[in-house]
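So the structure is just underneath, and the comments pick up after that.
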Amino acid sequence: MADGSTVTVEHLAAWLRDFATRVSENRTRLTDLDSAIGDADHGANMDRGMSAVVAGLDGTAAAAGPLLKGAGMALVSKVGGASGPLYGTFFLRMATAAGDAESLDPVAFAAAFRAGLDGVVSRGKAGPGDKTMVDALTPAADALDAALADGGDLAAGLRSAAQAAEAGRDATTPMQARKGRASYLGERSVGHQDPGATSAALLVTAASDTLAGSPA
Amino acid sequence: MADGSTVTVEHLAAWLRDFATRVSENRTRLTDLDSAIGDADHGANMDRGMSAVVAGLDGTAAAAGPLLKGAGMALVSKVGGASGPLYGTFFLRMATAAGDAESLDPVAFAAAFRAGLDGVVSRGKAGPGDKTMVDALTPAADALDAALADGGDLAAGLRSAAQAAEAGRDATTPMQARKGRASYLGERSVGHQDPGATSAALLVTAASDTLAGSPA
Amino acid sequence: MKKLINDPADVVRDALLGIDAAHPELRVDHEHRVVYRDDSPVSGKVGLVSGGGTGHEPLHGGFVGLGMLDAACAGEVFTSPVPDQMLAATTAVDGGAGVLHIVKNYTGDVMNFEMAAELAADSGVQVEAVVVDDDVAVQDSLFTAGRRGVGATVLLEKIAGAAAEAGRSLGEVAGIARHVDDTARSMGMALTSCTVPAAGKPTFDLGESEMEIGVGIHGEPGRERVPLAPASEVAQMLLDPILTDHDFTGGDGVIAFVNGMGATPLLELYLMYNEVAGILERAGIGVARSLVGSYITSLDMAGCSVTLLTADDEMLRLWDAPVSTPGLRWGL
Amino acid sequence: MKKLINDPADVVRDALLGIDAAHPELRVDHEHRVVYRDDSPVSGKVGLVSGGGTGHEPLHGGFVGLGMLDAACAGEVFTSPVPDQMLAATTAVDGGAGVLHIVKNYTGDVMNFEMAAELAADSGVQVEAVVVDDDVAVQDSLFTAGRRGVGATVLLEKIAGAAAEAGRSLGEVAGIARHVDDTARSMGMALTSCTVPAAGKPTFDLGESEMEIGVGIHGEPGRERVPLAPASEVAQMLLDPILTDHDFTGGDGVIAFVNGMGATPLLELYLMYNEVAGILERAGIGVARSLVGSYITSLDMAGCSVTLLTADDEMLRLWDAPVSTPGLRWGL
Ligand SMILES: Nc1ncnc2c1ncn2[C@@H]1O[C@H](COP(=O)(O)OP(=O)(O)O)[C@@H](O)[C@H]1O
Ligand SMILES: Nc1ncnc2c1ncn2[C@@H]1O[C@H](COP(=O)(O)OP(=O)(O)O)[C@@H](O)[C@H]1O
Ligand SMILES: [Mg+2]
Ligand SMILES: [Mg+2]
Ligand SMILES: [Mg+2]
Ligand SMILES: [Mg+2]
């Protein structure tokens, strides 16, 4: 969207496709991160889930809500583990927030993104600093809101969100995990980057690349 | 027995003790041979059995029969596997043949030895060439009988028997096993010396060293 | 990787086909990957649904049958099943008296079962959930994921199953199940790592003369890595934290459970049980019942776990009640 | 060597103590190393005595109980028990109807049981023996030690036990047992070697990508060493020689038994069972009953075996009859 003014159903589909590609490219890396402090399946889980999401993008969804709901349902149905309900809830809550709108303006998109994040928090009960995907998603939502409040366009907001997500991801390394499998490690979880925060950063980067650079 | 004329109860006890010592010294070797074509326990089996035999030599046996019977019973009770019943039967049949005699002359000893061998054959149903202890015991019994028939004394007979047992033992190497665990290997049993023939050769060598060199 | 499997991607499907073929008394929904009692739903009986990642056999599918579970959902190897499966199972086994979800405390399992419960409630099925968290190897805290669900799951499925079979209400069955979880503690150890088929290599590296004390049933690292020790010392290392965490003295003693991790021969488990029984006796803790075998496993991990559950009259009555499943069977 | 044991020399003693502690319904004579049914001798019933080297658990001690064995003698690891043990067991379980010895066909087992039978006959007990030799991996011949006794032993102990429990005479029980042996065939394979505790190292060396087809339950070498293959091919390699050796088509089908060697998880056994069931179906052989689990093991060997037994009305009636032992339990 050259004018940064609206996110259409096609944009959202492109976002999901791009996220799927990044997940697939980073599959081994995500799994390796999960080997260190989890159970070595985060790459496989996300790849399986996002492949199902992409397979469900049949172009029939006429509004943002149904498209995002389809993605959420696919993730919930195909992934299992922790990331399935979490990413699934993220998109299901975005869908509810987006509703029947054919496209979302920047503020509506940001509100939907935050609704997704809130869903992740209420499902997983993790707070910032627990060394989870919440540590990438929260700063991203905050940065997006702040940029828009400062009068920035969606492109600027998503650029800032992507940077915040990556910084949040990097900040998980020194943390001690308090949620998810990594928490069983206690102090030994320190020094490892969280796999879910890593995939969440890919999600936000994909948003920045697909939602804010193309014509509306 | 300088004059080579009688085998006393004390001689027999010395024989058993010497056999036990040789078994203990060759424990690893016997087990290694059994590893190659059996189940790696022949050294342990024989050592356990002969230790029990020696522990039972309390000096109370007044005749050859009871002494040998005690040894046979100890082997049957303590060894298990194939060698327990076989060596046990060997001494039990020797005991029956020896009966209540306080000492055995060379021909009586040779007859008792052959009775032991016959017991092994009837218990285990192995014939010469099956790659078992029978391949050491049979030529030993034959050599002893032949030497005595030729007018030799017991010392000469047992020397000849020991040589025959060792030759019989060595001859098991090229044989294909037809009895015991080694038979499961079929052709792959060829090229390995039989553990039971090896312990049997120790038995005959011990006889040669203890029954024919000491005073009556 | 040495395993009797075909394509690693098909392990769950292939094994479910085998369970189906071997057990005419069970019904397997291969699409949803749910193992059912042939006679479910049992009218008027509280339905029991459990499930979890594959790789812990006989848990859970092997505990489906009279006196235990009505349905078990099979996830991918070491991965929680998804809400669709749990919803299908929950709806199918509801005999009108509601359904209890038995959930091992892992983030994924808990969240997927939660979503399924919400969906089931939407479609009018009364659902309660009990979350099993008995592994004392993990420090417990309100601010973390909490303790893992391990050995107590087996005992709980048996005991709650007997209560349901006896016609107790959903609230009562859930209460009994929570009581089991509250009064049971477990601790595990590994001699070797498991190997996840899709990964193709051991989950963790353990030296030739090391063992991992406090390991989880997915090969999660434990409390400490120590040199190999005799069974008597291993038993002590497992029981010490259990006995420190909970008072098992007094009353009617315990149900003592020595469990194999998947590649441990029964011979060694009996030997371990002897050590456990000795330690309990010296600690003045009576053993009312025992269970020795591989019931909640971790693929091909060699090792064992010990679970103690406080026994009382009701627990023992429910424990002794008839059960007829592939994995546990008595009284019938 | 990674094992949950104390001193390797004490493995048999320690494990028997564990069996004793875990099973109040059994009686263990620790001096003679015999596991007994608590209510033996059962007056008027043919007594069933088996035994063999330790390391095959649950066989034989785990099959003592109603509807199966009256006593099991435990030898050292992989070493036949001695006649004293068998004699004690035989005398103790004779309820006046005589005693059947169930002997796996290994030279040592056969000779020790023979000596025990001679001694028992001397003391007035009527004894018959059945020698199990079902392993098709070994070429059979009148001039060799013959085939090994493996998986069929489990089925035979169950079926002969049911016949004895039903009050059949010694001759009849022995006849039924021999019929089982005549109409059963087995074949095993190993992914890894077992390790005898006293030896401390693997019995044989197998490369990372090799398996041994036709292995025995003491780690005896098999027919051939081949590269690892999918479960479907392994099942074929085990069934081909079985189906070549004996005609299982027609009649009432078979009892199909997929057995784990000690370190093989149940998951893999169910997966193997699926392959076996598929091959049998394609060969037109019906499966009347099945058994999947680790019932006759080889210490910590990973691998499996397949046993088929021709089913007929009588076999199935005896198979289905109640049994209550630590290892097999149903109908009670
Ligand atoms: N309670 C939670 N809240 C938010 N995120 C969580 C929570 N638990 C785990 N996660 C995230 O999930 C990721 C692991 O996902 P994945 O490996 O797919 O699931 P599992 O742990 O079930 O194998 C972790 O890296 C973490 O970011
Ligand atoms: N039928 C038989 N007749 C004679 N000797 C036999 C027979 N079977 C086995 N043996 C002997 O027993 C030896 C093996 O003894 P051992 O290893 O102690 O018993 P097991 O084979 O039961 O482990 C073989 O080397 C062979 O000499
Ligand atoms: Mg994971
Ligand atoms: Mg041997
Ligand atoms: Mg997982
Ligand atoms: Mg042996």
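Basis for what follows: all heavy atoms, side chains included, without hydrogens, waters or symmetry-related copies. In what follows, chains carry the letters A, B, and so on, assigned in the order in which the sequence lines appear, proteins first and then strands, with residues in each chain numbered from 1. All values derive from a computational prediction rather than experimental measurement.
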Gap between atom CD of D:E212 and atom CE of D:M301 - 0.5 Å precision |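 Rounded to the nearest 0.5 Å, the CE-CD separation comes out at 8.5 Å.
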
With rounding to the nearest 0.5 angstrom, report the CG to CZ distance, B:D41 to B:R48.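 B:D41 atom CG to B:R48 atom CZ measures 7.5 Å (nearest 0.5 Å).
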
Do B:M50 and B:S24 pass the side-chain contact (heavy atoms from CB on, under 4.5 Å) test, and can you show the C-alpha distance, the side-chain angles, and the key distance before you say yes or no?
-> CA-CA 8 Å; B:M50 289 310 298; B:S24 155; over 6 Å; no

### Task
Evaluate the criterion side-chain contact (heavy atoms from CB on, under 4.5 Å) for residue pair B:W15 and B:L203; output intermediate values, then yes/no.
CA-CA 8 Å; B:W15 176 34; B:L203 175 75; 3.6 Å; yes

Winner by heavy-atom pair count (cut-off under 4.5 Å) against chain D, out of B:D39, B:T31, B:V76 =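 Highest number of heavy-atom pairs under 4.5 Å: B:V76.
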
In terms of heavy-atom pairs under 4.5 Å with chain D, which of B:T89, B:D130, B:N45, B:L86 leads?
->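 Highest number of pairs under 4.5 Å: B:L86.
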
4.5 Å side-chain heavy-atom contact, D:E157 and D:L48: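 Heavy-atom side-chain distance check fails, nothing below 4.5 Å.
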
| message | If we define contacts as heavy-atom pairs under 4.5 Å, which of D:T107, D:V138, D:N112, D:V77 has the most with chain B? | response |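 Top count of heavy-atom pairs under 4.5 Å with chain B: D:N112.
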
Among D:S80, D:A199, D:G216, D:A198, which has the most heavy-atom pairs under 4.5 Å with chain B?
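Option with the top pair count is D:S80.
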
_Structural part of B:S183 lying under 4.5 Å from a heavy atom of chain D_ =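 It is the side chain, since no backbone atom gets that close.
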
message: Does any backbone or side-chain atom of B:L92 lie under 4.5 Å from a heavy atom of chain D? Answer side chain, backbone, both or neither.
response: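 Interface part for B:L92: side chain.
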
- [ ] Report the relative orientation of the aromatic rings in D:F78 and D:H56; use parallel for angles under 30°, tilted for 30 to 60°, perpendicular for over 60°.
- [x]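 Rings of D:F78 and D:H56: parallel, under 30°.
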
(request) Check each atom of D:D84 against the heavy atoms of chain B and say whether the ones under 4.5 Å are side chain, backbone, both or neither. (result)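 Interface part for D:D84: side chain.
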
Item to complete: Check each atom of D:E220 against the heavy atoms of chain B and say whether the ones under 4.5 Å are side chain, backbone, both or neither.
Response: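 Just the side chain, heavy atoms under 4.5 Å.
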
